Protein chains: 2
Amino acid sequence: MSYRIGEAAKRAGCKVETVRYYEQAGLLPEPARTEGNFRLYSEAHLEQLRFIRHCRSLDMPLEDIRNLLELKAQPIENCAEINELIDEQIRRVEEQMALLIQLRRSLQELRGQCIGPEVTGTCEIIRGLSDCQCHGGADSTV
Amino acid sequence: MSYRIGEAAKRAGCKVETVRYYEQAGLLPEPARTEGNFRLYSEAHLEQLRFIRHCRSLDMPLEDIRNLLELKAQPIENCAEINELIDEQIRRVEEQMALLIQLRRSLQELRGQCIGPEVTGTCEIIRGLSDCQCHGGADSTV
DNA sequence: TACAATCCCTCTAGTAACTATAGAGTCAAG
DNA sequence: CTTGACTCTATAGTTACTAGAGGGATTGTA
């Protein structure tokens, strides 16, 4: 069974361009070609493509996926390294989460400052965004 | 009081290149120049730069900051529109958070599958990443 | 068989918000 | 007068794609 790129993309749930992109990025081996120069993907290709897409759905960077694919290709898979890659991804996600929580707090605080411009003659949100000294004063130590 | 770009960047807590980038992106008006063609920033410039940096620290896209700056420049500030921009940003942040929570769950589930390769002869994490049919089966409806 | 619709090809440029580099000019201190 | 820190412009790189131009291949229909 072999598929042209459109069918392969559909089966992996991505766009045709993405498949070509993975090939160019070295994540997907170059497939055979038809006489007319169309790419012909095997089941194995398709499996690998799905593997990549699954990793991407977990937001892993392509670099990590490349590493995973290498580990996957080894006869004896090294669980320790694989776990490390997953753990690192979990760490990244949690870091992002912490950042977003902080962000939301700041935004909500800012949002709560709006009392209409009638009182102070200017929007308190704009003032909040202007006044804050957190982005360096004269003595900024960046 | 006026500052050259290095001083301005330090006071705003960003890099020199970033300041030039904002100018090129139309967020910061072109400053005066010295005879030797160095940029000379006024207090007003600096304030605006800090405003931009503060917005960025809240992860607002430059496009939104451009809008905020316009609203800010209007004599009568339109609280409704300003609020709308902030609310939209809060929505974006919350959307991202929901995504990350889902992501972490998936990753932790995957991570929990590792029982060492001795049992099944292959790493269960790799299997987990390979087997999943969520990225299109034969009957994929993408 | 002619033609149109749909697929596929390569190559290039665009996205967001910077960051980094090259190669040159400016300026103050020693 | 030279050294070093600073600045200038212009260009390319980052991530993971996406979109487009300009062409060829294949397929179905009249």
Side-chain angles (χ1 to χ4, degrees), chain A residues 2-28 30-41 45 49 51-69 88-89 92-93 95-96 99 103 135 142, chain B residues 2-28 30-41 45 49 51-69 88-89 92-93 95-96 99 103 135 142:
Chain A
S2 59
Y3 318 91
R4 292 195 309 195
I5 197 167
E7 184 65 20
K10 202 184 346 174
R11 281 172 189 249
C14 67
K15 302 202 167 190
V16 164
E17 292 84 10
T18 307
V19 179
R20 279 197 286 251
Y21 174 74
Y22 290 152
E23 177 182 328
Q24 199 230 276
L27 287 163
L28 208 51
E30 290 189 28
R33 300 275 184 142
T34 66
E35 263 186 47
N37 201 31
F38 287 9
R39 287 172 180 82
L40 266 191
Y41 293 101
H45 279 112
L49 183 53
F51 182 91
I52 297 168
R53 290 307 292 170
H54 193 181
C55 290
R56 283 297 299 139
S57 81
L58 298 171
D59 212 25
M60 286 187 212
L62 295 189
E63 179 66 33
D64 281 19
I65 302 176
R66 233 185 303 269
N67 288 336
L68 268 184
L69 285 170
E88 203 177 309
Q89 181 62 13
R92 271 194 294 256
V93 166
E95 207 174 296
Q96 265 292 309
L99 215 118
L103 226 59
H135 297 295
V142 180
Chain B
S2 61
Y3 317 91
R4 293 195 308 193
I5 198 168
E7 185 64 20
K10 203 187 341 177
R11 282 173 188 249
C14 68
K15 302 202 167 189
V16 163
E17 292 84 10
T18 307
V19 180
R20 279 196 286 251
Y21 174 75
Y22 289 153
E23 177 182 329
Q24 198 230 274
L27 287 163
L28 208 49
E30 290 190 27
R33 298 275 183 143
T34 67
E35 264 188 44
N37 202 31
F38 287 8
R39 286 173 180 82
L40 266 190
Y41 293 100
H45 278 111
L49 183 52
F51 183 92
I52 296 168
R53 290 307 292 170
H54 194 180
C55 290
R56 283 298 297 139
S57 80
L58 297 171
D59 212 25
M60 285 188 213
L62 295 190
E63 179 66 33
D64 279 19
I65 301 176
R66 234 185 302 269
N67 289 334
L68 267 184
L69 285 170
E88 203 178 309
Q89 182 61 13
R92 270 194 294 256
V93 166
E95 207 174 296
Q96 264 294 307
L99 216 118
L103 225 59
H135 298 294
V142 181

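As the structure is a prediction and not an experimental result, all values here were calculated from the model. Here is the naming used below: chain letters follow the sequence lines, and residue numbers restart at 1 for every chain.
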Who are the salt bridge (charged side-chain N to carboxylate O under 4.0 Å, His left out) partners of B:E88, not counting sequence neighbours? B:R92

Mind checking ring-ring contact (aromatic ring centres under 6.0 Å, His included) for A:Y41 and listing every partner two or more places apart, or none if nothing turns up? A:H45

Listed pairs under 3.5 Å, donor-acceptor, residues 19-27 of chain B side chains, sequence neighbours left out:
| from | atom 1 | to | atom 2 | distance (Å) |
| --- | --- | --- | --- | --- |
| B:Y22 | OH | B:R53 | NH1 | 2.7 |
| B:E23 | OE1 | B:R39 | NE | 2.8 |

Please enumerate all residues that pass salt bridge (charged side-chain N to carboxylate O under 4.0 Å, His left out) together with A:R4, with sequence neighbours excluded. none

Which residues satisfy the salt bridge (charged side-chain N to carboxylate O under 4.0 Å, His left out) test with B:E17, sequence neighbours excluded? none

Which letter, B, S or -, goes with each nucleotide of nucleotides 8-19 of chain C from 5' to 3', with contact meaning a protein heavy atom under 4.0 Å? SSB------BBS

Looking at residues at least two apart in the chain, or sitting in another chain, which of them share a salt bridge (charged side-chain N to carboxylate O under 4.0 Å, His left out) with B:E30? none

Overall bend of the helix from C:dT1-D:dA30 to C:dG30-D:dC1 (five pairs an end, 10° steps) is 30°

Contacts of B:S2 meeting side-chain contact (heavy atoms from CB on, under 4.5 Å) (sequence neighbours excluded), chain-then-number -> B:L40

